[in-house]
Amino acid sequence: MWLSVLAVIVVLSPIVIIHEFGHFLACRLTGIGVKEFSFGFGKILWHKKSAKGTDFQLRAIPFGGFVEPEGKMFLEEDDPAPQPQEFAAKKWYAKFFMVVNGALFNYVLAAVLFSTLIYFRGMPEQDPAKLPAVVGEVIAAYPAEKIGLQSGDQILKLNDTAISNWQDLIQTLGASSGALDITVLRDNNPLHLTVAETDFRADKPRVLGITVQSQLHPVGVFPAIGLGLYQCWYWTKFSLNSLWQSVTRKKAPDLAGPIGIVNIIHKSVHTGLENFIFLIAMLSLAVGMFNLFPIPILDGGYALVYLWEGLTGKLPSTKMITRAANVGFYILMLLVVYASYSDIKRIFFNKPAAQTQAAVQEDKNVQNP
């Protein structure tokens, strides 16, 4: 129990701190004064005021945090002219930079962690023709789990077709029909398993629900950095595509809320340091991407306001901004409620989000038949 609580703090703390540090650094670079830089919420446990007037704080509840710039973000008509160091006195591009830099620093953290993992762990072989058809993981709620396939099983045959590598497996599986006879090698002993035709979904391509057991090869420092940056690009593109497909197909998106995130962290802490670091990178990337969504009350929503100021030379009215922020707040609350409902259904009623899990595993392990 306490290990899981500590893991949640360890995962979320760097994500929050780096996000707020991004805002703080942008303020310093643009000359915006900072009143408070707080990690956590609630009672102040420790604080120290810097020579430049920033009160650095550590609070009792170690989730979240904030940077409070000097002055108001939006001025009322009867407000006095802002001082030079106040937020409202700055040009639109300085304000834009300040609000987006938190999310950009989440991407920086993700890229650093991805690159570090790739450098020390190595990069998985990407060519399925060079990978033996050995099972890495078995995904819940798919045929492979039902028939008892296990991690480490080497698939030798599908029906009467010999399987030499992962590419053979993908092609043969895609061309098959009806029941599927699988011959695997487990502990140096052949084993015959059968997937009934009804175990495959009729409206989907044939998927067993297994991931490849990856083979790693060493990577130099600069290639590792490039691959770490690519991971940020890939996962952002993958997430946006998934959301877009949910919208175009009129399907509810598969989201993880606070309960689901805590559950994922709880599981990852027991699966090794590499998976734990990978999770921090993924969550940091998700926080950065989500904060850039053009939803009022999020950083992306405020960024749109300052872009509008740059294009038109003036800000929307304070009344309009307040109304938009209220709408954004309700949208966020609805998303949290929906995601929490999905978490409860998935975790407590044993209805895993197998499709999303399979998609994530596909990238980590090249293929997911």
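Just so it is clear, the values below take in all heavy atoms, side chains as well, and ignore hydrogens, waters and symmetry mates.
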Q) Given Pro69, which of Val99, Ile32, Val34 fulfils the side chain to side chain contact (heavy atoms under 4.5 Å, CB included) condition? A) Ile32
Q: Given side chain to side chain contact (heavy atoms under 4.5 Å, CB included), test Asp299 with His19 step by step and report yes or no.
A: CA-CA 11 Å; Asp299 293 340; His19 182 94; 3.2 Å; yes
Q | pair Glu68-Ser38: side-chain heavy atoms closer than 4.5 Å | A | no
Q) More than 12 non-hydrogen atoms from neighbouring residues, nucleotides or ligands closer than 6.0 Å to CZ on Arg28, yes or no? A) yes
(Q) Please find the pair of heavy atoms, one from Pro316 and one from Ile321, that lie closest to each other, and give the distance. (A) O-CD1, 3.6 Å
(Q) Could you measure the distance from the CH2 atom of Trp235 to the CG atom of Leu240? Nearest 0.5 Å is fine. (A) 13.0 Å
Q.
For Gly42, is there any backbone N or O sitting under 3.5 Å from a side-chain donor or acceptor partner on Arg59?
A. yes
Q: Any chance you could measure Gln213, atom CD, to Asp153, atom CG, to the nearest 0.5 Å?
A: 10.0 Å
**Q.** Candidates Asp160, Leu158, Leu193, Asn159 - the one meeting side chain to side chain contact (heavy atoms under 4.5 Å, CB included) with Asp181
**A.** Asn159
Q: Please check if atom CZ in Phe41 has more than 12 non-hydrogen atoms from other residues, nucleotides or ligands closer than 6.0 Å.
A: yes
Q) Are Val184 and Leu173 co-members of a hydrophobic cluster defined by side-chain heavy atoms under 4.5 Å apart? A) yes
Q. At their closest point, which heavy atom of Glu36 faces which heavy atom of Thr54, and how far apart are they?
A. C-CG2, 4.4 Å
Q. Closest heavy-atom contact between Pro143 and Asp199?
A. CG-O, 3.5 Å
Q: Would you sort out whether Phe24 and Phe39 count as a ring pair (Phe, Tyr, Trp, His ring centres under 6.0 Å), showing the intermediate values?
A: CA-CA 12 Å; Phe24 175 78; Phe39 171 63; over 10 Å; no
Q | Polar side chain donor-acceptor pair, Gln167 to Asn165, under 3.5 angstrom | A | no
Q | Cluster link Ile18 to Ile225, ILVMFWY, side chain under 4.5 Å | A | no
**Q.** Verify same cluster id: Val108, Leu113 (apolar side-chain graph, 4.5 Å)
**A.** no
Q.
So which atom in Ile210 and which in Ala144 form the shortest heavy-atom distance, rounded to 0.1 Å?
A. CG2-CB, 3.4 Å
(Q) For the aromatic rings, using the six-membered ring if either is Trp, is the centroid distance between Phe290 and Phe293 under 6.0 Å? (A) yes
Q: Output, in order, the C-alpha distance, side-chain angles, deciding distance and verdict of side chain to side chain contact (heavy atoms under 4.5 Å, CB included) for Gln231 and Ile118.
A: CA-CA 10 Å; Gln231 289 291 310; Ile118 291 169; 4.3 Å; yes
(Q) Check for me whether the distance between the ring centres of Phe114 and Tyr234 falls short of 6.0 Å. (A) no
Q) Got a sec: does the OH of Tyr119 have more than 12 other heavy atoms crowding it under 6.0 Å? A) no
Q. Do Leu180 and Leu208 touch side chain to side chain, with heavy atoms closer than 4.5 Å?
A. yes
Q. In this structure, which one of Lys95, Lys314, Lys91 forms a side chain to side chain donor-acceptor pair (under 3.5 Å) with Glu309?
A. Lys95
Q: Determine whether Met333 and Ile331 fall in the same hydrophobic cluster, where Ile, Leu, Val, Met, Phe, Trp and Tyr are linked whenever their side-chain heavy atoms lie under 4.5 Å apart.
A: yes
Q: Among Lys35, His47, Lys49, find the residue that satisfies the side chain to side chain donor-acceptor pair (under 3.5 Å) test when tested with Asp55.
A: His47
Q: Please round to the nearest 0.5 Å and tell me the distance separating atom SG of Cys27 and atom CZ of Phe37.
A: 10.0 Å
Q. If you take all heavy atoms of Trp46 and Phe56, which pair is closest and at what distance?
A. CZ3-O, 3.8 Å
Q: Please answer whether the main-chain N or O of Gln85 pairs with a side-chain N or O of Lys90 as donor and acceptor at a distance below 3.5 Å.
A: no
Q: Measure across Lys72 and Leu75 and return the closest heavy-atom pair with its distance rounded to 0.1 Å.
A: CB-CD2, 4.2 Å
Q: Please check if Leu104 and Val305 belong to a single hydrophobic cluster, counting links between Ile, Leu, Val, Met, Phe, Trp and Tyr side chain heavy atoms closer than 4.5 Å.
A: yes
Q: Check whether any side-chain N or O of Ser284 sits under 3.5 Å from a backbone N or O of Ile280 as a donor-acceptor pair, and report yes or no.
A: no
Q. Tyr302 versus Val100: any side-chain heavy-atom pair under 4.5 Å?
A. no
